[in-house]
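Bear in mind that the values here come from a model prediction, so they are computed numbers and not experimental data.
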Amino acid sequence: MSVSRVRDIVNTTTTSSPSTPVPPPPPTLAAFDNFTVGAIRRHIHIKFFEKQHFTLRVIAADLKTAGIIPEDTSDTTVWRIMHTMGFQYRLSQRKMYVRRESMDVVCRRIGALRALQRHREEGRKVVYVDETWFTTRMGHSREWVDTTQALFNTTYSRQLPPGEGERFVVVAAGTDEGFVDGSYLCYPAKTNQGDYHGEMNGELVMRWLTMQLLPSLPEPSVLVLDNAPYHSQLTEESRCPTTATRKADLIRWLEQHNISIPPAATRPELLFLCQQNRPQPQYKIDNTIRMWGHDVIRLPPGHPELNAIEQVWGFMKRYVRSTLQRFTRTELRATLDGARQLVHKDVWAGAVQHSRKYEEEYWKTDNIHESVEPIIINISSDDEDDDIFLDSDCE
C-alpha cells in the first residue's frame, strides 16, 4: 500500500463523525412490486401510442403526478429503473413497414380457430402433435464465466464441447392432462447437418400414427398439426400436374377429370387449364386420422404459438441445457427421460392455457364473430300470450 493511500485512509477516519447518518441507498427495481413496474411500463407505452416525445425529467414528473412512484424519487433512480426494465435512450426508431399477412393465411387461421371452438363445445379432446430435436452438446447461449482465468482452463467456465454433437429427434402428442400414453418416440438422427425436418418422412409419421398415437386415443379427439411436408402428402386423387409433367400426362389428367380440351392446345395452355381445375387437397394423414374416428385441424404457416406442445418443448430444452454434464448419447437419453417425467399435468395445463390466450387475441384482432342462429318471428300467430301482450299494451 502506498503512502498516499494510507494518508487518505487516516484523513477519512479522522474527519468522519460516527454520528453522521448514512444516507439510504437509492431505490432500485427490486424495491417496487410487479404492479408498480407494470404501471410504469403501461404509462410509457401510452406515450408511445400517442406519439409523444419525452425526456427523463418529463417522464419522472409524470410518474410522480400519477402517483406511481414516490415524490422523493430522483431522476437518476428513474433512469436506473427504466434501464433495468429494458428501456434505452438511443436513436429514434422510424416506423417499419412490414409485409401484411396474406389473405389465405388469415382465412386459414380464422377457420382453425372456429374449428377449435366447435370441437371443444362438442366435448372433444384437443391433442397437440409436433416434432423437435435435441443434441448431446446443448447449452445456454449465456453462462457465468470467470474472466480472471484462461479460456482453456477448466475453472474458466462449464467448458461446453464445441459443435452440435449427435442429434436426436423426438415426436410426441399431448393434451391438457399430459403426454398421450405411448405417443413418445425418440430416435437418433442420421445426420447432424441441416434442418431436423429432413429426418422425418410421411412413411415414418404414418407408422407412428397408426402404431403408437391413434390406438392410444380411446375417445373421439381432434389432432392439431402444422403444415410440415411430411404432414402434407397428398392422395393420388387430389394431386395436380406440375410444370414438370409431360404434355401427354396433362392431356390424360384432363380426360380423367372430364375436362374439355381446346383443339391444338399448347402445353402451357394445358397446364393452366389443369391449375384452374385443381381439386381440393386431401392428405393421407388426415384421411387416416378420420378413419379412426378423430378429426384434424391444420394450423396456418408460422403459428407455433397456437400449438401448446411448443411450450412443452421449450420446458424440456431448458432442462436439458442446464442438466447435461458429460454430453454423451447415454446421458442425453437419460436426461430426456427425466425431462419427460418433469412435464406433469400442471405443465401441460399451463401450456394449453398459454396457447388459448393467443387464440383469444386472434379472435379480437381478426374480428371473428360467433355464428348466431336466425330467429324466426311469426307475426301472424294467434297464441294467447300475444293477446295478453296486446291488451296490456292498449291499456
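Residue pairs satisfying the ring pair (Phe, Tyr, Trp, His ring centres under 6.0 Å) criterion with at least one member in residues 314-361, sequence neighbours excluded, are listed as follows: F179-W348, H354-Y358. A ring pair (Phe, Tyr, Trp, His ring centres under 6.0 Å) check over residues 242-293, counting only residues at least two apart or in different chains, returns the pairs W253-H257.
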Exercise for review: Go through N307 and L299 one step at a time and tell me if the side-chain contact (heavy atoms from CB on, under 4.5 Å) criterion holds.
Suggested key: CA-CA 8 Å; N307 198 342; L299 298 177; 3.9 Å; yes
Point to revise | Stepwise salt bridge (charged side-chain N to carboxylate O under 4.0 Å, His left out) check, R137 with E164 | key: CA-CA 6 Å; R137 298 178 182 178; E164 294 293 334; over 6 Å; no
**Study point:** Residues Y128, Q311; criterion side chain to side chain donor-acceptor pair (under 3.5 Å); working and verdict
**Key:** CA-CA 11 Å; Y128 299 93; Q311 304 292 327; over 6 Å; no
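By the 4.5 Å heavy-atom criterion applied to side chains, L234 and K284 are not counted as neighbours. Taking 4.5 Å as the limit, every side-chain heavy atom of V222 sits out of range of all side-chain heavy atoms of V296. Contact annotation: the side chain of L306 never approaches that of S355 to less than 4.5 Å [non-hydrogen atoms, C-beta and beyond]. Side-chain atoms of R298 and D286, non-hydrogen and from C-beta on, do get closer than 4.5 Å to each other. A heavy-atom distance below 4.5 Å is found between the side chains of C274 and L250.
Results of the salt bridge (Lys or Arg N to Asp or Glu O under 4.0 Å) test with E359 over R109, R114, R120 single out R120 as the only residue that passes.
A donor-acceptor contact shorter than 3.5 Å is absent between the side chain of R340 and the backbone of T335. For S183 (side chain) and L213 (main-chain N/O), no donor-acceptor pair under 3.5 Å exists by modelled atom type. Using modelled atom types, one side-chain atom of S238 and one backbone atom of Q282 make a donor-acceptor pair closer than 3.5 Å.
Side-chain contact, E203 with Y230: no donor N or O sits under 3.5 Å from an acceptor N or O. H231 and E131 are linked by a side-chain donor-acceptor pair at a separation below 3.5 angstrom, with hydrogens and angles left out of the test. Using modelled atom types and a 3.5 Å distance limit, the side chains of K317 and T132 yield a donor-acceptor pair.
A cation-pi arrangement, defined by a distance under 6.0 Å to the six-membered ring centre and an angle within 45 degrees of its axis, is absent between R167 and F134.
Salt-bridge annotation for D104 and R108: present, with a side-chain N of the basic residue lying under 4.0 Å from a carboxylate O of the acidic one.
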